[in-house]
Amino acid sequence: MNIFDLYLEKILKVVKQANKDKLIEVPENLKGINVDIPPPQFNCDISTNVAMVLAKPNKKSPIDVANQLVSLIKNDDTEIEDISIAKPGFINIKFKNSFWNNFLKEVISSGNNFGVNKKITKKKFLIEFVSANPTGPLHVGHCRGAILGDVLSNLLLFNNHTVSKEYYVNDYGNQILHFSKSVYFRIREILKKEAFPKDNADLYPGDYIIDIAKNIIKNNKDLNFDNFEKISSKLTSLSVQESLKLIKFNLKNLGIVHDKFISETDIVNNNEVEKTINKLKKNNFVYEGKIKAPESEKSSKWTERNQLLFKSTDFGDDKDRALQKADKSWTYFASDVAYHNNKIDRKYDVLINILGADHAGYIKRITSVVEAISGKKNLLICKVSQLVKLIKDGKPFKMSKRKGDYITVEDLIEEVGKDATRFIMLNRSSDVELDFDFTKVKEKSRDNPLYYVQYCYARISSVFRNVGKKIDDEINIKDYNFNYTNEELKILKKISEWPLCIEIASSKLEPHRLPVYLYELASEFHSYWNMGKDDESKRFITPDKKIADDKLVFIKSVSNVIKSGMKILNVETPEKM
RNA sequence: GCGCUCUUAGCUCAGCUGGAUAGAGCAUCGGUUUUCUAAACCGCAGGUCGGAGGUUCGAAUCCUCCAGAGCGCGCCA
């Protein structure tokens with residue numbers, strides 16, 4: 001139950017009726033009327049701006065309109081204790097105690113489904129995320145997008161949408177060739193004691209390549225490693241397999257499991273690229289032409305030539321984009337176009353791509369091509385996760401591919417833990433660069449916001465433990481009837497904001513709102529808890545059986561929200577800490 | 001040069017589908033454990049929301065311009 005939606009509907013109904021009764025003018029397209037959370041200093045539960053919106057069409061002051069509406073709203077409703085008008089023209093509503101009792105009963109009986117947005121239509125989502133090159137294990141830089149995509153999926157699933165999580169494996173092209181050559185040289189190093197060519201900047205220097213080489217030797221005793229060209233395709237596929245094994249292991253340790261891995265090589269080999277490009281040709285989106293040298297490139301290095309181009313400028317891109325390289329093989333973009341055509345063919349309502357900040361420049365061309373193929377403007381939504389700035393011992397720490405000095409996902413999990421990693425990465429808007437202070441998080445792990453929220457849940461569990469119950473047990477709400485203090489009302493109001501938080505987070509694809517909300521809820525609970533120190537009547541376990549039972553129900557509602565929130569984040573809620 | 005993102009307290013950030021006196025955490029300083037978990041709480045202090053215009057009854061939030069920071073601008077992936 002979203003009480004803000006509930007009251008918006010009620011108020012709109014009142015307004016429309018008043019219009020019918022010729023009491024009030026209502027414009028044709030009624031827009032901008034909201035029911036909001038009032039600032040805490042006002043002694044009320046919800047507030048609305050109706051009067052201010054309707055002031056102009058009625059040629060009255062907002063206060064006058066409010067005066068007119070107040071009695072109409074109250075007449076219609078037995079749950080309102082007090083309704084008042086505040087300065088510019090807000091109408092503030094305070095509910096009766098019984099309203100909150102009914103609200104709480106509903107929170108409890110909805111269990112983990114409290115907050116699910118019931119009014120939206122179910123959709124089929126395809127979300128592509130991570131899609132890191134299969135040339136080695138995942139590092140910290142991959143983490144943020146991975147977690148963002150995963151929690152976004154959970155959030156959509158929570159709202160009963162269908163979600164398919166995909167990883168696009170870029171196992172085609174030059175990078176992969178260099179990777180597979182690196183494995184080859186490591187194999188030669190092991191078998192023939194030939195030194196690995198460390199000066200070759202194209203090759204991958206990391207030690208994990210040695211492990212991959214060892215595994216390939218072990219499992220392919222009959223393979224002859226004398227000539228790279230001869231075994232190139234076999235070795236490439238073996239190397240990619242090994243590296244995918246590592247990546248899947250990393251993802252699993254982060255709590256992430258994709259539904260599908262789609263191979264770029266497969267897309268190319270199935271002629272999907274030609275198919276898709278022909279489709280685009282038919283609609284005049286592809287032509288032979290030249291493109292100018294990019295600004296960053298020294299123009300002397302650039303050779304202008306005729307090549308196959310996609311007309312992304314038709315959709316607002318800076319320039320048209322190349323589909324074929326000089327050797328006529330497909331560009332990365334071309335096969336990605338085919339992959340997106342493949343996605344479109346599978347009939348999803350919404351496609352989401354999670355990209356790293358360094359790929360933000362790619363968005364225009366890929367959304368253009370999706371629009372060109374599907375004819376739909378917003379079928380594909382791209383979400384960028386900004387950089388993670390690593391800080392070590394108080395100094396920025398740059399990872400270097402050449403030196404092979406990476407902080408891998410495994411390092412991170414080992415030092416900080418999966419849950420803390422997820423929570424910290426999610427605690428900030430993905431639009432903002434994130435400071436990840438490795439040393440600080442590790443040393444001061446107790447100051448971590450994750451523990452703050454978990455501790456709240458653990459405290460509630462401990463109350464249940466102390467009365468010989470379990471936090472997960474069914475709880476009886478039949479006789480529940482509680483008289484709330486102001487502190488308890490504050491918590492209830494916060495709980496009532498949970499469905500709103502879910503709604504905004506999923507409609508704007510901003511999962512960081514969840515940890516932020518959970519932190520606030522936990523904060524209010526911790527305050528409340530500490531009141532029991534000075535004032536025995538504010539403790540949960542009290543001699544009065546009825547009050548103690550009711551308080552148990554009350555705190556159970558807090559733990560319910562924490563638990564379902566943490567479930568969406570895929571983070572543990574321990575009962576003891 | 002062009003594009004995208006950001007600029008809010010000393011630091012790190014919420015708040016941005018327009019609403020009332022702009023909020024947290026950290027850091028500083030001071031206080032709270034015979035009591036359901038002190039991984040907690042309470043208090044003090046800290047702000048021309050980068051700047052200038054505009055739209056509006058109302059702007060941190062929307063629009064325009066300017067400045068600064070980051071990322072990108074490939075026939076790499």
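- Between the NZ atom of A:Lys364 and the P atom of B:rU5 there is a distance of 11 Å, rounded to whole Å.
- The residue among A:Gln41 and A:Asn466 whose nearest nucleotide of RNA chain B is located toward the 5' end is A:Gln41.
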Between protein and nucleotides 41-44 of chain B, what N or O pairs are separated by less than 3.5 Å?
from	atom 1	to	atom 2	distance (Å)
B:rC41	OP1	A:Tyr452	OH	2.3
B:rC41	O4'	A:Asn530	ND2	3.0
B:rC41	O3'	A:Ser527	OG	3.3
B:rC42	OP1	A:Ser527	OG	2.6

Show me the donor-acceptor pairs, under 3.5 Å and distance only, between side chains in residues 307-316 of chain A and residues at least two apart or in other chains.
from	atom 1	to	atom 2	distance (Å)
A:Gln307	NE2	A:Gln324	O	3.1
A:Lys311	NZ	A:Asn284	O	3.2
A:Ser312	OG	A:Asp317	OD2	3.1
A:Ser312	OG	A:Lys319	O	2.9
A:Thr313	OG1	A:Asp320	OD1	2.6

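- Residues satisfying the side-chain hydrogen bond (donor to acceptor under 3.5 Å, both in side chains) criterion with A:Lys545, sequence neighbours excluded, are A:Asp549.
- One interatomic measurement links the two molecules: CD of A:Glu536 to C1' of B:rC36, which rounds to 11 Å at whole-angstrom precision.
- Atom OH of A:Tyr168 and atom C1' of B:rA77 are 10 Å apart (whole Å).
- Taking 4.0 angstrom as the limit, A:Lys325 places a side-chain polar atom (N or O) nearer than this to OP1 or OP2 of B:rA77.
- Between A:Lys290 and A:Glu304 there is no salt bridge, since no side-chain nitrogen of the basic residue lies less than 4.0 Å from a carboxylate oxygen of the acidic one.
- Closest to the A:Asn174 side chain, of the nucleotides B:rC75, B:rA20, B:rA77, is B:rA77.
- Base orientation of B:rU33: syn, since the glycosidic angle falls within 90° of 0.
- Across the protein-nucleic acid pair, A:Ile460 atom CD1 and B:rA40 atom P stand 15 Å apart, rounded to whole Å.
- At a threshold of 4.0 angstrom between heavy atoms, the contacts of A:Pro38 include nucleobase atoms, whether or not backbone atoms are also involved.
- Here the side chains of A:Val350 and A:Leu380 are not in contact, with every heavy-atom distance at 4.5 Å or above.
- Using a 4.0 Å heavy-atom criterion, one finds that A:Ser61 contacts no nucleic acid atom at all.
- Only the C1' atoms considered, B:rA59 is 13 Å distant from B:rA20, to the nearest whole Å.
- Nearest to the side chain of A:Ala357, among B:rA77, B:rC57, B:rC71, sits B:rC71.
- One can place NE2 of A:His359 at 17 Å from C1' of B:rG70, the figure rounded to the nearest angstrom.
- One can find a donor-acceptor pair under 3.5 Å joining the base of B:rA20 and the side-chain atoms of A:Asn92.
- When each of B:rG70, B:rA77, B:rA20 is scored by its nearest atom to the side-chain atoms of A:Pro39, the top-ranked nucleotide is B:rA20.
- Inter-residue side-chain proximity for A:Leu514 and A:Cys501 is flagged as met; some heavy-atom pair is nearer than 4.5 Å.
- Nucleic acid contact class of A:Lys533 (heavy atoms, under 4.0 Å, all strands): base.
- A:Tyr172 comes within contact range of the sugar-phosphate backbone alone, with a heavy-atom separation under 4.0 Å but no base atom that close.
- No side-chain donor-acceptor contact under 3.5 Å links A:Glu503 and A:Ser506.
- Considering only residues two or more places apart in sequence or on other chains, A:Ser61 meets the side-chain hydrogen bond (donor to acceptor under 3.5 Å, both in side chains) condition with A:Asp64.
- For A:Tyr339 and A:Phe333, the distance between ring centers is not under 6.0 angstrom.
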Nucleotide N/O of nucleotides 46-51 of chain B paired with protein N/O under 3.5 Å:
none

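- Without hydrogens or angle criteria, A:Glu166 side chain to A:Phe129 main chain gives no donor-acceptor distance under 3.5 Å.
- In this structure, CG of A:Leu387 is placed 7 Å from P of B:rG72, rounded to the nearest angstrom.
- For the contact set between residues 332-342 of chain A and RNA chain B, defined by any heavy atom under 4.0 Å, the members are A:Tyr332.
- With no hydrogens or angles considered, no side-chain donor-acceptor pair links A:His178 and A:Asn200 at under 3.5 Å.
- Electrostatic pairing of A:Glu524 and A:Lys494 does not count as a salt bridge here, judged by no charged N lying under 4.0 Å from a carboxylate O.
- Every side chain to side chain contact (heavy atoms under 4.5 Å, CB included) that A:Ala132 has, sequence neighbours left out, goes to A:Val130, A:Leu138, A:His142, A:Tyr167.
- With sequence neighbours left out, A:Tyr528 forms a ring-ring contact (aromatic ring centres under 6.0 Å, His included) with A:Phe540, A:Phe554.
- Going from atom CD of A:Glu128 over to atom P of B:rA77 covers 16 Å, rounded to whole Å.
- Nearest to the side chain of A:Ala86, among B:rG72, B:rA77, B:rA20, sits B:rA20.
- Expressed to the nearest 0.5 Å, how far CG of A:Asp336 lies from OG1 of A:Thr276 amounts to 11.0 Å.
- Across all strands shown, A:Asn49 has heavy atoms under 4.0 Å from base atoms, whether or not it also approaches the sugar-phosphate.
- Listed pair A:Lys319 / B:rG3 fails the phosphate criterion, with no side-chain N or O lying under 4.0 Å from OP1 or OP2.
- Taking the side chain of A:Ile541 as heavy atoms from C-beta on, and the options B:rA24, B:rC2, B:rC36, the nearest nucleotide is B:rC36.
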### nucleotides 13-18 of chain B: protein proximity per nucleotide (B base, S sugar-phosphate only, - neither; heavy atom, under 4.0 Å)
SSSSB-
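- One can place CG of A:Asp327 at 13 Å from C1' of B:rC76, the figure rounded to the nearest angstrom.
- The side-chain hydrogen bond (donor to acceptor under 3.5 Å, both in side chains) check on A:Lys508 picks up nothing, with sequence neighbours excluded.
- Among the heavy atoms of the strands lying under 4.0 Å from A:Ala322 are primed sugar atoms or P, OP1, OP2 only; no base atom is included.
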### Task
Quick one: the dot-bracket string of RNA chain B, using Watson-Crick and G-U wobble pairs with both distances under 3.5 Å, [ ] for crossing pairs and | for bases paired to another strand.
(((((((..((((.....[...))))..((((.......))))......(((((..]....))))))))))))....
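- To the nearest whole angstrom, the two P atoms, one in B:rU61 and one in B:rC49, are 10 Å apart.
- Here the side chains of A:Phe464 and A:Ile555 are in contact, with some heavy-atom distance below 4.5 Å.
- A:Ser237 pairs by the side chain to side chain contact (heavy atoms under 4.5 Å, CB included) definition with A:Gln241, not counting sequence neighbours.
- Not one N or O on the side chain of A:Asn92 forms a donor-acceptor pair closer than 3.5 Å with the backbone of A:Ser47.
- Position along RNA chain B of the nearest nucleotide to A:Gly532 versus A:Asp318 favours A:Asp318 as the more 5'-ward residue.
- Among B:rC6, B:rG19, B:rC36, the nucleotide with an atom closest to any side-chain atom of A:Phe90 is B:rG19.
- A salt bridge links A:Lys343 and A:Glu128; the closest N-O separation between the charged side-chain nitrogens and carboxylate oxygens is under 4.0 Å.
- For B:rC57, one of the phosphate oxygens OP1 or OP2 lies less than 4.0 angstrom from a side-chain nitrogen or oxygen of A:Lys56.
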